[in-house]
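First the proteins, then the strands, lettered A, B, ... as listed; each starts at 1.
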Amino acid sequence: MSRKFSIIPKFILILAVLFLYSCKKEEIAVDISGEWELVSFSSGAVEESEIPVSVYLAFDKASASFTIFQKLGEGHYGKFIGEYSCSGSRVRGQYSNGTSWACEYNAELEGNRLLMTSIGLSADETCVYARCTIPSDVRKDADDYSTKTSSFHIIYSNIK
Amino acid sequence: MKRELITLSLVAFSVLLSCQREEIQNQTPAQLRSAKIVNPTKLVLEDVLAIKLNSDSPEELYSLENVSSLERMFPSVKGKEALEKKHGLDKWYLLHIDGGEAPSVMADKAAGLSSVSIVQYCSPIQLHSDKTTVPYSRAETKASAPWSDFNDPLVNSQWHYHNNGDLSIAPTAKAGADINLKPAWKFCTGDPSVIVAVLDEGVFYDHPDLKQNIWTNEKEIPDNGIDDDGNGYVDDIHGYNFVSGGSISWNKDGDSGHGTHVAGTIAAVNNNGIGVCGIAGGNGKSGGVKIMSCQQFDGNDVAGDYNAARAFKYAADNGASIVQCSWGYPSGTMKSDSEYKRSSPLTVAAIEYFLDTDNCPNLDGGVIIFSAGNNGKPMPGYPAAYYKNIAVAATASDNLPTHYTNYGPGTNISAPGGEYFTGGKYNEEAGVLSTLPYEFAKSGYGFKQGTSMACPHVTGVAALGLSYIIQRGIHMTNNEFMSKLLTSVNDIDSYLVGEKMSNTKMNLAPYRKNMGTGTIDTWRFFMQIDGNPCLVAETGKSQRLDISDYFGGCAANLTYLQVSIDKEDKESLGLEQDPEIAYGKLKINPTKSGCGVVHIKAVAGGERLGTGEEDMGGIELNRSIAIISRYVKPSNGGWL
C-alpha cells in the first residue's frame with residue numbers, strides 16, 4: 001500500500017512537468033496599432049528625397065485593419081485599405097482587393113518609432129515611421145484606390 | 001608654303017564672291033521682282049495686296065498709281081511696340097487697288113520698289129464645316145436621367161461630352177466616346193479671366209445661353225464712333241468684324257451660325273435652366289470663360305487671310321490666351337511648313353506674335369487650336385498643320401474617325417466632331433449640339449458636324465484646363481501646357497482595324513497612328529495638371545514601366561525622340577545603362593534603391609517634329625517622369 005502511495009505523487013509530478021512543457025508559450029505579438037508617418041526609407045530621409053514622398057500608415061488592432069495614405073511624386077494622396085496580422089514581430093497583410101503586401105515585415109518599436117524591415121526579398125529594406133496624427137486634409141484629399149485591382153498606373157483611366 | 005596656301009584661299013574666296021554677285025546681277029529685273037511676290041493659293045482677292053517693307057517709311061508706296069488707299073496692316077498698340085517690331089508687324093501695309101488695275105500688275109510694280117521686301121497676294125479662307133445646320137426640334141428633353149447635375153435641359157443630347165452608348169444616336173455608338181467631362185466639372189467649370197478668341201463667323205453675343213460668357217471690352221464706349229481705348233479699333237465691344245469693319249453680325253445671307261455654334265461648345269452658360277452646356281461655361285454661380293468674337297466671315301463676302309492676321313494680333317493685344325480657328329486652306333494647298341511660311345508670311349508673323357504674348361499670369365505665351373479640315377485626306381490643311389498650331393481631327397459617336405476628317409502627320413489630337421451617318425444610319429442627333437442664332441434654328445440650338453466642331457472641344461478643354469491651372473495657382477509655359485493637353489488622351493489606334501460604315505464604307509487602317517496622340521480626355525488633363533505620381537521601379541530588376549499616365553492611351557504608338565537622365569540621378573538609381581522606351585514602355589534596370597527623373601521627348605502627330613522647314617510634322621512633347629526604386633513593390637501600387 002505505501003508503495004502505491006509513493007508512485008502516485010511522482011506520477012502527478014511527472015504529468016505536471018509534461019503538461020507545463022507541452023504548453024506552448026504564447027508569443028507576444030508586436031503592437032503596431034496607431035498612426036505613423038514615414039520618415040525614412042531605402043533612399044534615405046523623406047525630407048531629403050529629390051522626389052516628394054509622403055506615406056501615412058494607420059493600424060487598428062481591434063479590427064485588424066490598416067489604411068495607407070500615400071503620395072509619391074506629384075498629384076493627390078491615394079488610400080489603400082486591408083487587413084493585417086502580427087505573429088511575434090512578424091507582420092503580414094492583404095489589401096482589400098486581395099493583393100498581398102509585397103512581403104512580410106519584421107516590426108520593431110523603438111520609443112515613438114516603428115521600424116519595418118522587409119523579409120525574404122533580394123535585399124532588406126527598412127522603413128522608419130514616427131508616431132503621428134494623420135492630418136485631416138490628407139484623409140480628405142485621398143483618392144480611394146482600395147478597389148483598384150490593377151496596377152497603380154492605370155488609376156487615371158476613365159472614371160465614370 | 002604657308003604664304004602660298006593663304007594666297008590660294010584668298011583667290012578662291014574672291015572667285016566665290018564674284019560668282020554670287022554675278023548670279024544676282026545676271027537676274028533680270030523681272031526675276032528679282034518676281035522673287036518678292038508670294039501667293040498662298042491659286043485664288044486671290046483682287047482688290048488688295050499685303051506689302052512688307054524693308055524700311056520704316058512707306059513713302060515709296062505712295063508713288064504707285066492706281067492705289068485707292070494705303071494703311072498699316074496692324075495698328076500699333078502702346079506698350080506692344082517692341083513685340084510688334086520683333087515679329088515685323090510694324091513693316092506690313094495693306095494696299096487697296098483701284099478698280100481696273102489687275103493685282104498682278106500692281107504686285108509687279110510694288111515689287112519693283114527698293115523699299116519693298118515682300119508682296120503677298122491675299123487669299124480667301126474657308127470654314128471647316130459643310131455649313132448645314134440641323135435645328136434642335138425636340139419638344140422635350142431625353143427621358144433618361146441627366147448625366148450632369150447642371151439643369152440645362154438639352155445636356156443629355158450632348159453625347160460628345162458624355163456618351164453612354166445610346167444606340168438611338170447611332171447603331172454603333174460606343175459608351176465612353178466623349179471628352180470625359182463629367183468628373184472634371186467637380187473641380188472646375190471655368191474662369192472668367194480666361195479669354196478665348198473665336199476667329200469665325202460673328203458670334204450671336206446676345207444669345208441667352210451665351211450672353212453671360214461673352215467678353216466685353218470695358219475700356220470701349222459703345223457706338224460713339226471713337227477708339228476709346230486706343231487699340232486701333234472703334235466700338236469693338238465684344239470683339240470686331242474684321243471683314244466689314246462694322247459691328248459684329250451673324251445672320252446675313254451666306255452666314256450659317258458657325259461662330260455661334262463653335263462658341264457654345266466652348267462656353268455656353270451652364271446651369272441656367274435653358275439650352276445646352278459649354279465645356280468651360282461655369283456652373284451657374286461662378287461664370288465661365290469669356291468668348292471674344294473676331295469675325296472673319298461676313299455673309300457672302302469673301303474672307304481674306306489678312307483679316308485672320310489682324311485678328312491674331314487683336315486677340316493678343318486684348319487679352320486672349322487661346323485662339324480657336326475652325327477654318328483654313330484645303331488639304332494639300334501647301335505641303336510643308338516652309339511652303340506655308342514662304343507663301344503666307346503675313347499670317348505666320350501674326351501667329352508668332354500671338355504665341356509670344358503673355359496674357360495670363362499662369363501661362364507663358366498663347367495657344368492656337370485649328371481644325372484639321374474636312375477633305376478626308378491624309379494631310380491636314382494649313383494653317384492647322386503649321387508645327388506651332390494644334391490641329392484637331394474629328395471622331396464620331398462610335399469613337400472612330402469621321403468620314404470627312406483630314407488626318408495624317410501634322411494632325412496632333414482628335415475630338416468629337418459629329419457624324420450624321422455613323423453606322424450607316426442617318427441621324428442628325430449624331431452631330432454636335434450647340435447654340436445657334438434664331439435665324440438658323442427657332443429653338444436657338446442645333447446640330448452641326450465637321451472638324452469645325454471637333455476643334456472647339458479641344459479649345460474648350462484647353463480653356464477649362466487653363467481655368468483649373470489658375471485655380472490651383474500653377475504656372476506653365478505654353479509648351480508644358482500643350483504637352484500635357486496633347487498627352488491627356490485615350491487610345492484610338494487599337495480600334496482602327498477593319499472597316500466602319502458611315503455614308504460610305506471606310507477602311508480604318510489608314511487612320512492608324514494618324515489621328516494624333518488620341519482622343520482628348522478632360523479628366524486626364526486635370527490629373528496631368530495636378531501632377532503625375534512617380535513610377536515605382538523594383539531594385540535589381542530589368543523592367544518595363546507603363547508610361548500611359550504621362551503620354552496617354554496611345555503611348556505605345558508615339559514616336560519617342562529622346563530619353564535622358566541627369567548623371568546624379570543615374571548614379572542614385574544605379575543605372576548601368578540609360579533608360580529607353582521600348583514598345584511605349586520605359587525600360588529601366590535600377591541596381592540601387594534611389595530616386596531620379598527621366599526626361600522624355602516625343603512627337604504629337606507623326607513620326608518627326610515639325611521644324612518650320614521642308615516638312616509637315618508634329619508638336620514636340622516634353623515630359624519628365626519621376627522614378628523611385630525600391631526592393632518593395634506590390635503589384636497594386638501600395639506602399640507595403
Mark yes or no for whether A/Glu50, through its side chain, and B/Ala626, through its backbone, hold a donor-acceptor pair below 3.5 Å.
no

Can you tell me if B/Asp578 has over 12 outside heavy atoms packed within less than 6.0 Å of its CG?
yes

B/Asn636 vs A/Tyr145, test: side-chain contact (heavy atoms from CB on, under 4.5 Å). Steps then yes/no.
CA-CA 9 Å; B/Asn636 70 337; A/Tyr145 297 157; over 6 Å; no

Looking at B/Tyr495, I'd like to know if its OH atom is crowded, meaning that more than 12 non-hydrogen atoms belonging to other residues, nucleotides or ligands lie closer than 6.0 Å.
no

Can you name the closest pair of heavy atoms from A/Thr99 and B/Ser635 and give their distance?
CG2-OG, 3.3 Å

Can you tell me how far apart OH (B/Tyr631) and OG (A/Ser122) are? Round to the nearest 0.5 Å.
5.5 Å

Does the side chain of A/Ser118 reach to within under 4.5 Å of the side chain of B/Arg630, using non-hydrogen atoms?
no

Would you say CD of B/Gln471 has more than 12 non-hydrogen atoms from neighbouring residues, nucleotides or ligands within 6.0 angstrom?
yes

Starting at NZ of B/Lys633, measure out to SG of A/Cys103 and round the result to the nearest 0.5 Å.
14.5 Å

Can you tell me how far the CD atom of A/Glu74 sits from the CG atom of B/Asp530, to the nearest 0.5 Å?
9.5 Å

Do you know which two heavy atoms are closest between B/Cys595 and A/Ile51, and how far apart they sit?
CB-CD1, 3.6 Å

Contact origin within B/Ser629 toward chain A - heavy atom pairs under 4.5 Å
backbone

Do A/Tyr95 and B/Leu640 have side chains that approach each other closer than 4.5 Å (heavy atoms only, starting at C-beta)?
yes

Heavy-atom pair of closest approach, residues B/Gly637 and A/Gln70:
O-NE2, 2.9 Å

Classify the ring geometry of B/Trp639 against A/Phe41: parallel below 30°, tilted from 30° to 60°, perpendicular beyond 60°.
perpendicular

B/Ile547 versus chain A, heavy atoms under 4.5 Å apart: side chain, backbone, both or neither?
neither

Need one label for A/Phe66: side chain, backbone, both or neither, based on atoms under 4.5 Å from any heavy atom in chain B.
neither

Is atom CD of A/Glu83 surrounded by more than 12 heavy atoms (other residues, nucleotides or ligands) closer than 6.0 Å?
no

